[in-house]
Visitor: 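This is the structure, below, for whatever I ask next.
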Number of protein chains: 2
Amino acid sequence: MTPSAKVDQQHSMEPRDHGQHDHGACVLSALERARTAFGDKGIKLTPLRQRVFEEIAGSHDALGAYEVLDRMARKSGERLAPISVYRAIDALLAAGVVHRIESKNAFFACHAPHQGQERHIALVCERCQTVIEVSGADIFAAMETASAACGFKLSLAVAEGSGLCPACATLPTIAQATGMVTQP
Amino acid sequence: MTPSAKVDQQHSMEPRDHGQHDHGACVLSALERARTAFGDKGIKLTPLRQRVFEEIAGSHDALGAYEVLDRMARKSGERLAPISVYRAIDALLAAGVVHRIESKNAFFACHAPHQGQERHIALVCERCQTVIEVSGADIFAAMETASAACGFKLSLAVAEGSGLCPACATLPTIAQATGMVTQP
DNA sequence: TACCGAATGATACATCATTGCATTAACGGG
DNA sequence: CCCGTTAATGCAATGATGTATCATTCGGTA
């Protein structure tokens, strides 16, 4: 991790990088974990799937399928059919290297592997869009308890949140401080 | 779905009826609560909003916006524009008399009011589609705890589940074993 | 009356996701 | 090596969900 990181500036649209973060290295390690996951599950990490994964992992955001499509088209000049991206995403979901955020119809890459069987929940920053995952064992246990208490046999649980990530939460609220909001 | 079928069991116009359940009365009381909720919040329960609410409340399912649209069109012969339904639903959401299920892009009516500030979670039956709500205080508390533990300032939490409702969970499973099509 | 704002209507478009079928790549057995 | 099977991809169309924009109506009210 060289502190003199050559920062990838090509994604001019993202307000990424509060805090410094070796993005290249982080994507590479994600890719390495993906290879392992695919290997373990006996699914093939094809070039297309890898490209899609890199696109998703290369943003810490949750990306919609069409956003992935757009970004890949911008890079390669060739626009895939939506179904191709969806199929690739299906494989990535099956391998467990990306997850879906139901409340956003979008997908994000695990950047920390889920060791063991522990369930996690996704937290989406409303300001910088970054997605982080936190352990959700207690949450899912509580959902199970609440369901069982009324006789409901829970088979699938969804839990996700949005708000401000640690970095954004501690930021001074510039707009308010400078009074620059034009309309109340 | 076969359009030829006279009886579209799942989405035909009414009676559901696991156990006995006075549907008319239940919709009326939902409507009464809706009136109160709209009054309390200073929002108007217009005829259109009421029609949409009746459609949603008249099913214990979660309905998609287009499903509401279809049902209303079948009844009145006039097909609204999608936006009209979405606007009505927005008002119903604002009044708190319907909720959205993120994982289904669908909406359902509260059939038991949320007394006090208590948060609830929706549980959707995979067999009969009925939605029930259960208290989710522990769940949301756990989400808050998990978020706070990593410095995330949670402002919106989504938790929902699917599985088998009490009625369906206790049904003999023979039907599944024999591959028979079953009805709620 | 004239005006204002909220609600609705109407058209179009944007976004999310799948179906069906044709084509190509990958791989193992003759 | 060829062939057959299966997985993966390409391609066109369509379904499903949701929004932007602008026009119109309607109820209150100054």
Side-chain angles (χ1 to χ4, degrees), chain A residues 34-35 38-39 41-53 55-56 61-74 76-95 97-108 124 129 158 160 183, chain B residues 1-3 10-11 34-35 38-39 41-53 55-56 61-73 76-95 98-108 129 158:
Chain A
R35 264 191 260 280
F38 272 84
K41 294 223 166 52
I43 315 174
K44 271 172 289 191
L45 180 54
T46 65
L48 179 62
R49 291 168 182 178
Q50 180 169 331
R51 280 211 290 150
V52 169
F53 179 70
E55 210 55 70
I56 296 176
D61 299 0
L63 298 184
Y66 280 65
E67 177 65 26
V68 172
L69 210 50
D70 290 345
R71 290 181 182 211
M72 288 174 67
R74 254 177 258 138
S76 73
E78 297 275 307
R79 189 176 182 83
L80 291 170
I83 186 66
S84 297
V85 168
Y86 278 104
R87 286 194 284 222
I89 289 174
D90 283 344
L92 297 170
L93 288 169
V97 298
V98 307
H99 300 305
R100 179 185 171 89
I101 299 187
E102 299 293 343
S103 52
K104 295 188 43 160
N105 298 326
F107 308 89
F108 70 97
V124 184
Q129 321 306 323
V158 171
E160 46 203 40
Q183 292 289 342
Chain B
M1 265 178 225
T2 59
Q10 210 48 258
H11 289 118
R35 264 190 260 279
F38 272 83
K41 293 223 168 51
I43 315 174
K44 271 174 287 191
L45 180 54
T46 64
L48 179 62
R49 290 168 183 178
Q50 180 169 331
R51 278 211 291 151
V52 169
F53 179 69
E55 210 56 69
I56 296 176
D61 299 1
L63 299 184
Y66 280 69
E67 178 66 24
V68 172
L69 209 50
D70 290 346
R71 293 182 180 210
M72 288 174 67
S76 74
E78 297 274 308
R79 191 177 181 81
L80 291 170
I83 186 67
S84 296
V85 169
Y86 278 105
R87 286 194 284 223
I89 289 174
D90 284 344
L92 297 170
L93 288 168
V98 307
H99 300 306
R100 178 186 171 89
I101 299 187
E102 299 293 344
S103 52
K104 294 189 45 162
N105 298 328
F107 308 89
F108 69 98
Q129 321 305 322
V158 170

Visitor: Rounded to the nearest angstrom, tell me the gap between atom CG in D70(B) and atom P in dG15(D).
Guide: 13 Å

Visitor: Going by modelled atom types, is there a donor-acceptor pair between the base of dG18(D) and the side chain of R87(B) at under 3.5 Å?
Guide: no

Visitor: Checking only heavy atoms, does the side chain of Y66(B) share a donor-acceptor pair with the base of dG15(D) at less than 3.5 Å?
Guide: no

Visitor: Less than 4.5 Å apart, side chain to side chain, heavy atoms only: is that true for L63(A) and R71(A)?
Guide: yes

Visitor: Find which nucleotide of DNA chain C each of A88(B) and D90(A) is nearest to by heavy atoms, and output the residue with the more 5' nucleotide.
Guide: A88(B)

Visitor: What's R79(B) touching, base or sugar-phosphate or nothing? Going by heavy atoms closer than 4.0 Å.
Guide: nothing

Visitor: Using a 4.5 Å cut-off on heavy atoms from C-beta on, say whether the side chain of R49(A) contacts that of I43(A).
Guide: yes

Visitor: Salt bridge between R51(A) and E55(A), side-chain N to carboxylate O under 4.0 Å?
Guide: no

Visitor: Which whole-number value in Å describes the distance from E78(A) CD to dC11(D) P?
Guide: 8 Å

Visitor: With respect to E102(B), which candidate in H99(B), K104(B), R100(B) satisfies the side-chain hydrogen bond (donor to acceptor under 3.5 Å, both in side chains) definition?
Guide: R100(B)

Visitor: With a strict under 4.0 Å distance from non-hydrogen atoms of chain B, what nucleotide opens and what nucleotide closes the contacted stretch of DNA chain C, reading 5' to 3'?
Guide: dA7(C) to dT11(C)

Visitor: Expressed as a whole number of angstroms, how long is the span from I43(A):CD1 to dA7(D):C1'?
Guide: 12 Å

Visitor: Looking at side-chain heavy atoms only, is the closest gap between L80(A) and L48(A) below 4.5 Å?
Guide: yes

Visitor: If I take atom NZ in residue K44(B) and atom P in nucleotide dT25(D), what distance separates them, rounded to the nearest angstrom?
Guide: 18 Å

Visitor: Between V52(B) and V98(B), is there a side-chain heavy-atom distance shorter than 4.5 Å?
Guide: no

Visitor: To the nearest Å, how far apart are L69(B) CG and dA16(D) P?
Guide: 12 Å

Visitor: Can you tell me if the side-chain N/O atoms of N105(B) get under 4.0 Å from OP1 or OP2 in dG18(D)?
Guide: yes

Visitor: Which is true for R51(A) with a 4.0 Å heavy-atom rule: it touches a base, it touches only sugar-phosphate, or it touches nothing?
Guide: nothing

Visitor: Could you check how far CD1 of I83(A) sits from P of dG10(D), rounded to whole Å?
Guide: 12 Å

Visitor: Distance check: side-chain N/O of S84(A) vs OP1/OP2 of dG10(D), anything under 4.0 Å?
Guide: yes

Visitor: Going from CZ on R74(A) to CZ on R79(A), what distance comes out if it is rounded to the nearest 0.5 angstrom?
Guide: 9.0 Å

Visitor: Please state how far atom CD1 in I89(A) lies from atom C1' in dA8(D), giving the value in whole angstrom units.
Guide: 16 Å

Visitor: What integer distance in Å separates Q50(A):CD from dT9(D):P?
Guide: 12 Å

Visitor: Check every strand shown and say whether A65(A) touches a base, only sugar-phosphate, or nothing at a heavy-atom separation below 4.0 Å.
Guide: nothing

